[in-house]
Each structure stands twice: as structure tokens, then as C-alpha cells.
Amino acid sequence: MATRSVELKRGLKDVYLDRTQASFIDGTEGKLLYRGYNIHDLAEKSTFEEVAYLLLYGSLPNQEQLDELDATLKSTRTIPEEVYRVIDLTKDGHPMDVLRTAVSALASFDPDVEDNTADGVRRKGLRLTSQAATIICAHYRARQGLPPIAPDQSLSHAANFLYMMRGVVPDEDEAKLMDVDFILHAEHGANASSFASRVTASTLADLHAAIVTGIGTLKGPLHGGAAESVMKMAEEIGDPAEAEAYAKRVLGGHGRIMGFGHRVYKAEDPRAQHLRDRSRSLGEKLGQPQWIQILDALVEAMAPYRARGIHVNVDFFAGSIYYLMDIPEDLFIPIFALGRIPGWTLQVLEQFENNILIRPLLWYEGPMDLEYVPIEARA
Ligand code: CMC
């Protein structure tokens, strides 16, 4: 047996892995900055295209730079015919599995796949941002037996995403909601999927591999999967008056209320308020206020947990917005992924800029020096 003892950092809690210029999070204050800019300003005043530029290039764009980025995003909304076939072959899978598989397939057709220069990574990151939207929408339609809808080049990334899904140009409010949602999900430090992308990049693998890693990691219910679970929970609760009993039942059984709690935020996640306000307005506009009422009642039922630093996170209200927009629950995580691609790309850029192989240690606690017994002699 090993005799030395070490301090384990299980889950890498409170471990600083490297330096970053991507985002700043103050979990006690509930503060989030992208490249120095407050998430509240970006959510209220910016656009996803502008935020993508900010993240990938480090400063807010002037008009010419923004137009160029917009043109790049619009010109890369197509995917090869072979990838449509991959989507069709896998169409019965969860949309996150299909997205992961199709992004992986795209690597075989991308002429820049091995280009790990900063320009190459930015180019591929923007291309994947556009192509991922096309994949999600093509799959959404393929599983209904419908053909894909060609992108509308007059529309923004968010509006075009909704258009390619439904074939109807969204109204301004809906397009803005989607845009804000993408902004709020765009970057978040060393969260599990971005960390996983960095690990892949640290081996000097390419951006496609890193993004595939990110998509795979985002799927779990403790990360991006929470939004999907929140609306399942709201449906199960069914009535605001039942929220307290539901919370007691789940927590009494040592379960978790999805959309609550965060590894870094011990105050309310600053992204949540934008989605809460918008979800409330949308519910009222559509004559469906019950969903936000159920969620509000659940927040009240969780009030005693605030003292323990358990507050709503970004996923709590995101699901209700998608739900009200008539987007199926299994698309909630792909939508998170779509917003996060610039963030994953930036984390990979930073990793490449000053690379070191990410390779921690595991403390071995198993038996030592066992005698190898031939198979015929084993019990
Ligand atoms: N419901 C009930 N109890 C909770 C919850 C919750 N949602 N979150 C944390 N706790 C409790 C947990 O049971 C534990 O209690 P105890 O100390 O008595 O064992 C304590 O709080 C600390 O929890 P932890 O799991 O050690 O803390 P963590 O920092 O590892 O957890 C988390 C972070 C996100 C995994 C957790 O809060 C959770 O499971 N939340 C529900 C899933 C969720 O909403 N995920 C989305 C996160 S935000 C979007 C994203 O970036 O992915």
C-alpha cells in the first residue's frame, strides 16, 4: 500500500487551472464579465454576433469588423451533403448525440481541420457556430420526415436558427429572446465542458475534436442537461400550489432540484434574471403565465436553501422560455451548445496560445504487487 498521503482536490473544486482573459466570475457577488464587459450590459445592449467578436478577438467590434464577422457567419451556414446523410442515419438519437456525431463528421470535410493557428481556430470556431445551427435544425426536421430549410441570409444568427427550424421568420421579440439566450450562454470560464475542451486542446488535437468533447460533456444533467430537466419538473408539479410539496419530497429523498445550485455562484447566477424577466413577459403575452408561476413557487420553496448558497442558475428559466417558444425539450441542451461554441473556441485559443498538457494525477488506493495467476489456475 502507498504510505504517503496527499491533499485530494476532488472535482477540482477551487483549483485555478491557468490564467484567462475570457471571463471573470465573482461567485459571491453574482458577477460575470466577458472580456471585462458586464453580462448585464451585453444581454441588454449587444447582439450574439457582437459578443462572438468580443470573445474571439478580445474587443468590441467597430461596424466594419462586425459586418465582416456577420458575413462570415452567414457564408458558412451550409453543411456537406454527406453530413446531412449522417444526420439522417442517426436521427432517432437524442439531438445532443446527433449534434456531437455530425460535428465530428464535419471534421472530415473541413479543409482547415489541422490548422491550429489562432486565425485557423477563429475561422473554424465561427464556421462551427453557423454549421451547428444548421445541424440542429436539419435534425429537428429530419426526425419529422421534413426536408431541411435553406438559411435566410437576411437574418441574424438567432433569427435564422428559428427560421431554419420552423420555416417561418420569427418576430422581433422572439429573435431577440433567442439572441439574448445565446449571449448569456456564450462563455463561462472553466465549466466542465470548456475544461474538457481545454484538455483535448492541450494534447494539440484540433478544434473539431475539442468541440466534440465539449458537446459530449455539456449533455449531462449536472451541466447543460439541467434546462431539459427543469421543464420536466415543472410539468410534473403542474400547479404552483404543488411546488412546495414537490420540493419537500425531492429534497427529503436527497434528490436535487434542477436549475438550482452552482459550483462557483453562491449568490444568484447573474444570467438568470434576464431569462426570468423575459420568460414572465413571454408567458403573459402568450396567455400561459402558469409555467413561470410554477417556477416562481419553486424558488420560494427553495428559499431556506439560499443561506447555504443554493440559488437559481442560468438553466432554471431558460427551459421555460424555450418551452413557451414551442421548442421541444430535447433541443434545450443543443441550444445551450450553440451559444457556447464561441466560448469553447476561445478556451481552445487560450490553451493553444500558452499550451501545457493537462494531465493531473490520481491517488492509487488499490492492491499492490499481486501475483499473476494463469487463467487455468483461477477459481
Ligand atoms: N438541489 C438540492 N441540493 C443541492 C442542489 C440542488 N440543485 N445543488 C447543491 N445541493 C446541495 C448538495 O446536496 C450538497 O449538500 P450536502 O453538502 O448536504 O451534501 C451541497 O448542496 C453542495 O453540493 P455539491 O454537489 O457538492 O456542490 P457542487 O458545487 O459540486 O454542485 C451542481 C454544483 C451544479 C452540480 C449542483 O448544484 C447541482 O447538482 N445542481 C442541479 C443541476 C443543475 O442545475 N446544473 C446546472 C448548473 S448551471 C449551468 C451550467 O453551467 O452547467
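Count residues from 1 along the sequence. Every number for a ligand or one of its atoms is a count from 1 in the order of the listing.
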If you measure from each non-hydrogen atom of Ser229 to ligand 1, which part falls under 4.0 Å: side chain, backbone, both or neither?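 It is neither; nothing of Ser229 touches ligand 1.
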Side chain, backbone, both or neither: the part of Leu218 lying under 4.0 Å from ligand 1 by heavy atom: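 Neither; no heavy atom under 4.0 Å.
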For Val373, what are the other residues in its hydrophobic cluster, where any two members join if their side-chain heavy atoms are less than 4.5 angstrom apart?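 Hydrophobic cluster check, Val373: no partners found.
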Contact between ligand 1 and [X] is defined here as a heavy atom of the residue under 4.0 Å from a ligand atom; is it met?
X: Met258; value: yes
X: Gly225; value: no
X: Gly11; value: no
X: Asn191; value: no
X: Arg308; value: yes

Hey, are [X] and [Y] close enough for a salt bridge, meaning a charged N less than 4.0 Å from a carboxylate O?
X: Glu44; Y: Arg278; value: yes
X: Arg100; Y: Asp97; value: yes
X: Lys124; Y: Asp110; value: no
X: Lys74; Y: Asp70; value: yes
X: Glu187; Y: Arg35; value: no

Identified ring-ring contact (aromatic ring centres under 6.0 Å, His included) counterpart of Tyr322 within the set Trp291, Phe332, Phe336, Phe161: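 Among the candidates, only Phe332 passes.
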Could you find the nearest protein heavy atom to [atom] and give me its residue, atom name and distance?
atom: atom 41 (C) of ligand 1; answer: Phe260 O, 3.3 Å
atom: atom 21 (O) of ligand 1; answer: Ile310 CD1, 3.3 Å
atom: atom 39 (O) of ligand 1; answer: Arg256 NH1, 2.8 Å
atom: atom 27 (O) of ligand 1; answer: Lys13 NZ, 4.0 Å
atom: atom 47 (C) of ligand 1; answer: Asn313 ND2, 3.5 Å
atom: atom 33 (C) of ligand 1; answer: Arg263 N, 3.7 Å
atom: atom 52 (O) of ligand 1; answer: His223 ND1, 2.4 Å
atom: atom 2 (C) of ligand 1; answer: Leu251 CD2, 3.5 Å

For the side chain to side chain contact (heavy atoms under 4.5 Å, CB included) test, which of Ile136, Leu99, Leu338 pairs with Leu331?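 Going through the options one by one, the only one that passes is Ile136.
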Counting only non-hydrogen atoms of the protein, does one fall under 4.0 Å from atom 13 (O) of ligand 1?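 It does: a protein heavy atom is found less than 4.0 Å away from atom 13 (O) of ligand 1.
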Given the protein's heavy atoms, is any one of them under 4.0 Å from atom 43 (C) of ligand 1?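 Yes, there is a protein heavy atom closer to it than 4.0 Å.
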Using distance alone, determine whether [X] and ligand 1 share an N or O pair under 3.5 Å.
X: Ala226; answer: no
X: Asp315; answer: no
X: Arg271; answer: no
X: Leu222; answer: yes

Are Asp119 and Arg122 close enough, and set up right, to give a salt bridge (Lys or Arg N to Asp or Glu O under 4.0 Å), and what steps lead you there? CA-CA 5 Å; Asp119 278 350; Arg122 286 193 189 99; 3.5 Å; yes
How about Tyr265 and His188: are their ring centres within less than 6.0 Å of each other?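 Judged by ring-centre distance (under 6.0 Å), Tyr265 and His188 do meet the cut-off.
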Quick one: which ligand 1 atoms are inside 4.0 Å of a heavy atom on Gly259?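 Those qualifying, in numeric order: 43 (C), 44 (O).
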Might you confirm whether atom CD of Glu244 has over 12 heavy atoms from other residues, nucleotides or ligands at distances under 6.0 Å?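 Not more than 12 within 6.0 Å, no.
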Let me know which of Asp330, Asp88, Asp92 forms a salt bridge (Lys or Arg N to Asp or Glu O under 4.0 Å) with Arg143.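 Considering Asp330, Asp88, Asp92, a salt bridge (Lys or Arg N to Asp or Glu O under 4.0 Å) with Arg143 is found only for Asp330.
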In chain order, what residues pass the ring-ring contact (aromatic ring centres under 6.0 Å, His included) check against Tyr84, with sequence neighbours excluded?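 Counting only residues at least two positions away or on another chain, Tyr84 forms no ring-ring contact (aromatic ring centres under 6.0 Å, His included).
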